[in-house]
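The structure appears below as structure tokens.
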Protein chains: 2
Amino acid sequence: MIKPYQRTALALDELLDRSQPGEVLPSEPKLAEQLGVSRATLREAMRALEDRGRIVRRQGVGTYVRPTIIEAGLEELVSIESMAASVGLDVEMGDSEIHRRNANPDEAELLGVDKVVEIRRVILAEGVPVAYLVDTIGEGLIQEAVLSREFHGSVLDVLLKGGEPELEYSTSEISAVSAEGRVADRLRVSEGSVLLQFEASLFTKDGELVDLSQSYFLPGTFKFHVVRRVGRRLGTAA
Amino acid sequence: MIKPYQRTALALDELLDRSQPGEVLPSEPKLAEQLGVSRATLREAMRALEDRGRIVRRQGVGTYVRPTIIEAGLEELVSIESMAASVGLDVEMGDSEIHRRNANPDEAELLGVDKVVEIRRVILAEGVPVAYLVDTIGEGLIQEAVLSREFHGSVLDVLLKGGEPELEYSTSEISAVSAEGRVADRLRVSEGSVLLQFEASLFTKDGELVDLSQSYFLPGTFKFHVVRRVGRRLGTAA
DNA sequence: GCGGGTCAATTGTCAGACAACTTGCCGGGG
DNA sequence: CCCCGGCAAGTTGTCTGACAATTGACCCGC
């Protein structure tokens, strides 16, 4: 059974998606009644939205919908394919290789396994190579049958769909590199071309590391956004 | 007068900073009493922290402190200098130029002014050029006297210190580019070198755009991190 | 016309209660 | 001795009702 708070947060998210910026939301008592929760629970959900900057509340006046900040930004963990789909791009997987091999000491330490599966593939947008992705996961995390059947380019999507283990977040280091060797070759660019690189670690709800990945993107096709907020400490200082 | 919720959120932030990962927080009734607020207000603040991933709550058990994810990440809007200072790097400003000029149509539209001030400068780490920054702001936003006296490389820091207008967030587009012309020259790298580029827009609490900036970083010196969370929609699906 | 007071509406906070859940303890039965 | 079931205490989750603080509009008297 899903808890009232989660239900409320979801409902509010959807309500905001349907709302125009600047619009005034129903008052808290009314909203609470509509959603079937108490005002206290509703306020917890609204506070979270306020912290994320999606609404503005003015005591004695009402609650307003903020103009949406970047929505396809980097805050939410979604696969390249899902990102592309949401902007109407036609994306497919090109050449792929799957290797089983022994983990090197670093990988064994981080992932907690002896053997790993390494998945390399090219991502095509409108038929043109735009990204080269390498995932390294512990052997057995994804069944071989699943991998051959449901894998269309995104390890993340397969893991999310499987539901087990429960993923929570990833941390990525962002850098710029020049294309070399195999990467340049697969992306069909000359050596020394400029690439945007993400080095990511994917964690479960329990804080366990389950996927190490490296992504190389050709600049221009995908646009990555981040929203950075002024910190509490500085922003609200007198 | 600062409101109880803000006081509580701040106090909790500080409490977490002093806590060890995995530690159990006092129960909600006790914490509420310690902080001098009701349990409802406390819970609003805790919910926000939970959403940001800093604590984990387990019904019937207690509230745990999460191992800190990247702290010098990109979620919080701080200047390059502040970032560098927090990791003990010696950073200073190199050559700088300040131009007053008429705004081009795009800038006039976005910033809502006719004349702009353009600030260009090189950032040195340990005496070596590592970044080239260009800020474009409306004329009059920062007084000339202030600019010559308090400017040490970061427009953001000057604006934050001034307190007026109240800043809230910035959106950045991240890309990789090759160094060209003036940028390559100022950073003392050869043309065609790989650079990490941020194109940022800085907004106030009222949603007004006040600063357009472009930043070019030499890869390797600064490391930028992002934390990406599994979305509500997917993460909690059955 | 204008100034001030009043009033309704809305968000902010509080107090108390009960529900749902987890863990550990303790006692009884095997 | 071990296992297991129920009980009790403690914690988070939610609800109810109330009052405080703030804002904006209305109305009335001057």
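Below, chains carry the letters A, B, ... as their sequence lines are ordered, and counting in each starts from 1. Keep in mind that the numbers below use all heavy atoms, side chains included, and drop hydrogens, waters and symmetry copies.
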Task: Separation of atom CD in E44(A) from atom C1' in dT11(C), rounded to whole Å - done: 16 Å
Task: Selection from dT14(D), dT13(C), dG12(C) that lies nearest to any side-chain heavy atom of Y5(A) - done: dT14(D)
TODO: Determine the interplanar angle of the F203(A) and Y169(A) rings, folded into 0 to 90°, and report it as parallel if under 30°, tilted if 30 to 60°, perpendicular if over 60°.
DONE: parallel
Task: Heavy-atom side-chain proximity of V37(B) to R43(B) below 4.5 angstrom - done: no
Task: N-O pairing of E107(B) and K115(B) below 4.0 Å - done: no
- [ ] Considering just the side-chain nitrogens and oxygens of T63(A), establish if one lies under 4.0 Å of OP1 or OP2 belonging to dT11(C).
- [x] yes
Task: L42(A) or R58(A), whichever maps to the more 5' nucleotide of DNA chain D - done: L42(A)
TODO: Find the distance Q59(A):CD to dT13(C):P and express it as a whole number of Å.
DONE: 7 Å
Open item on the list: From OH of Y64(A) over to P of dT23(D), roughly how many Å is that when rounded to an integer?
Closed with: 12 Å
Task: Atom pair distance, as rounded to whole Å: CG in L25(B) and P in dG10(D) - done: 19 Å
Task: d(CD, E28(A); P, dC15(D)) in whole Å - done: 14 Å
Task: Listed nucleotide nearest any side-chain atom of T41(B), set dT12(D), dA20(D), dC14(C) - done: dC14(C)
- [ ] Side chain of K3(A) only, please: which of dA18(D), dT14(D), dA20(C) is the nearest?
- [x] dT14(D)
TODO: Kindly indicate whether the side chain of R39(A) and the base of dG12(C) share any N or O donor-acceptor pair separated by less than 3.5 Å?
DONE: yes
Open item on the list: Please confirm whether the shortest side-chain N or O distance from R57(B) to OP1 or OP2 of dG13(D) is below 4.0 Å.
Closed with: yes
Task: CD/E23(B): more than 12 non-hydrogen atoms of other groups inside 6.0 Å - done: yes
TODO: Grab the CG-P distance between L31(A) and dA9(C) for me, whole Å please.
DONE: 17 Å
- [ ] Tell me whether the guanidinium CZ or amine NZ of R47(B) lies under 6.0 angstrom from the six-membered ring centre of Y5(A) and within 45° of its axis.
- [x] yes
Task: Closest to the R47(B) side chain, choosing from dA21(D), dC15(D), dT14(D) - done: dT14(D)
Task: Distance, rounded to the nearest Å, where E50(A) contributes CD and dT11(C) contributes C1' - done: 10 Å
Open item on the list: Of the listed nucleotides (dT14(D), dT11(C), dT12(D)), which one gets closest to any side-chain atom of S38(A)?
Closed with: dT14(D)
TODO: Kindly say if R43(B) contacts the phosphate of dG13(D), meaning a side-chain N or O under 4.0 Å from OP1 or OP2.
DONE: yes
Task: Between dT14(D) (C1') and R7(A) (CZ): distance, integer Å - done: 11 Å
